[in-house]
Amino acid sequence: SLQAKHRSCTGVLASHHDSRDLHIHNLSILFHGSELLMDSTMELNVGQRYGLIGLNGCGKSSLLAALATREVPVPEHIDTFLLRREMAPSDKTALACVMEVDEERLRLEHEAEELAHKSEAGAHERLMDVYERLEELDAFKAEQKAAYIL
């Protein structure tokens, strides 16, 4: 992103590379040369929920963006998700909003539903391909995964 172009991040992974916890020492984030975080320690432990509180411009969003884009050392087996802006008010549950983000799964599920009602040549073969891809994506576990994220 454009912001990442102007951001400089450093940090040292202090947790074991295979750990599900994330500990980063000497974490520093500069934006346009201004210090947002300097030589800080961040510890995120699996199963815990965290909130960031601070004045506008203090670096909360920059920290989250740096984590999501792996500008600081975040092991590949740790998934990161970043919502860049607030959701518009709606009657949707948080679970429904998270599940809607998986566009490929939604598209494939819709295609499978349409193909199931077709009897044209090739429809059955394409349906099997769609089912195979849905299985690769663990689509049947989508709600469980979304609930875990929340």
Side-chain angles (χ1 to χ4, degrees), residues 1-24 27 29-32 36-37 40 42-54 56-150:
S1 80
L2 180 62
Q3 245 189 349
K5 179 177 155 184
H6 303 288
R7 188 172 45 236
S8 175
C9 305
T10 59
V12 177
L13 182 65
S15 52
H16 188 276
H17 188 270
D18 293 329
S19 175
R20 292 176 50 199
D21 296 334
L22 178 64
H23 298 178
I24 299 176
L27 175 62
I29 299 178
L30 286 79
F31 187 68
H32 285 287
L36 299 176
L37 290 172
S40 302
M42 181 181 69
E43 295 189 359
L44 301 174
N45 297 305
V46 81
Q48 300 297 311
R49 296 180 187 264
Y50 298 91
L52 299 177
I53 299 172
N56 288 343
C58 73
K60 301 178 299 290
S61 296
S62 293
L63 171 62
L64 295 174
L67 288 168
T69 57
R70 300 180 193 283
E71 294 172 57
V72 293
V74 176
E76 288 298 319
H77 70 275
I78 294 177
D79 295 326
T80 61
F81 302 93
L82 178 62
L83 180 64
R84 296 199 181 274
R85 60 186 172 275
E86 216 173 285
M87 294 287 295
S90 74
D91 292 332
K92 294 179 191 171
T93 65
L95 183 63
C97 291
V98 170
M99 289 187 64
E100 285 178 2
V101 172
D102 190 351
E103 294 174 1
E104 181 181 11
R105 180 188 53 79
L106 290 173
R107 181 183 54 77
L108 289 170
E109 287 175 346
H110 179 72
E111 184 178 355
E113 191 173 317
E114 288 180 354
L115 288 168
H117 299 292
K118 293 186 177 181
S119 57
E120 299 138 16
H124 179 73
E125 187 175 317
R126 174 63 187 149
L127 181 60
M128 292 299 105
D129 291 342
V130 168
Y131 282 153
E132 185 176 314
R133 179 63 183 144
L134 285 168
E135 189 172 320
E136 288 171 4
L137 295 172
D138 279 341
F140 64 96
K141 294 181 181 176
E143 189 168 342
Q144 181 183 3
K145 287 180 181 179
Y148 180 76
I149 289 170
L150 294 173

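Heavy-atom basis, side chains included; hydrogens, waters and symmetry copies ignored. Everything numeric in this text was worked out from a predicted model, so none of it was measured.
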(request) Just do the side chain to side chain contact (heavy atoms under 4.5 Å, CB included) check on L27 and L63 with the steps written out, would you? (result) CA-CA 10 Å; L27 175 62; L63 171 62; 3.8 Å; yes

Shortest non-hydrogen contact from [X] toward [Y]:
{"X": "E71", "Y": "A65", "value": "OE2-O, 4.1 Å"}
{"X": "A123", "Y": "L115", "value": "O-CD2, 4.0 Å"}
{"X": "L95", "Y": "A146", "value": "CD1-CB, 3.5 Å"}
{"X": "S19", "Y": "H77", "value": "O-NE2, 2.8 Å"}
{"X": "P73", "Y": "V12", "value": "CG-C, 4.0 Å"}
{"X": "D21", "Y": "V46", "value": "OD1-N, 2.7 Å"}

Quick check for you: to the nearest 0.5 Å, what is the distance between [X] atom [atom1] and [Y] atom [atom2]?
{"X": "L67", "Y": "I29", "atom1": "CG", "atom2": "CD1", "answer": "7.0 Å"}
{"X": "E109", "Y": "Y131", "atom1": "CD", "atom2": "OH", "answer": "10.0 Å"}
{"X": "S61", "Y": "L82", "atom1": "OG", "atom2": "CG", "answer": "8.0 Å"}
{"X": "E114", "Y": "L127", "atom1": "CD", "atom2": "CG", "answer": "11.5 Å"}
{"X": "L64", "Y": "T80", "atom1": "CG", "atom2": "OG1", "answer": "10.5 Å"}
{"X": "S15", "Y": "E43", "atom1": "OG", "atom2": "CD", "answer": "8.5 Å"}

(request) Evaluate the side-chain proximity of K145 to D79: yes if any heavy-atom separation is below 4.5 Å, no if none is. (result) no

(request) Can you establish whether the number of heavy atoms outside R20 located under 6.0 Å from its atom CZ is more than 12? (result) no

(request) Evaluate the ring planes of H6 and H32, with Trp represented by its six-membered ring, and classify them as parallel (under 30°), tilted (30 to 60°) or perpendicular (over 60°). (result) parallel

(request) May I have the step-by-step check of side chain to side chain contact (heavy atoms under 4.5 Å, CB included) for L13 and L22, ending in yes or no? (result) CA-CA 8 Å; L13 182 65; L22 178 64; 3.7 Å; yes

(request) Not counting sequence neighbours, list each pair that qualifies as a salt bridge (charged side-chain N to carboxylate O under 4.0 Å, His left out) and has a residue in residues 94-104. (result) K92-E100, D102-R105, E104-R133

(request) Determine, stepwise, if the pair L37 / M42 fulfils side chain to side chain contact (heavy atoms under 4.5 Å, CB included). (result) CA-CA 11 Å; L37 290 172; M42 181 181 69; over 6 Å; no

(message) Less than 3.5 Å apart, any donor N or O on the side chain of N45 or H23 sitting next to an acceptor on the other?
(response) yes

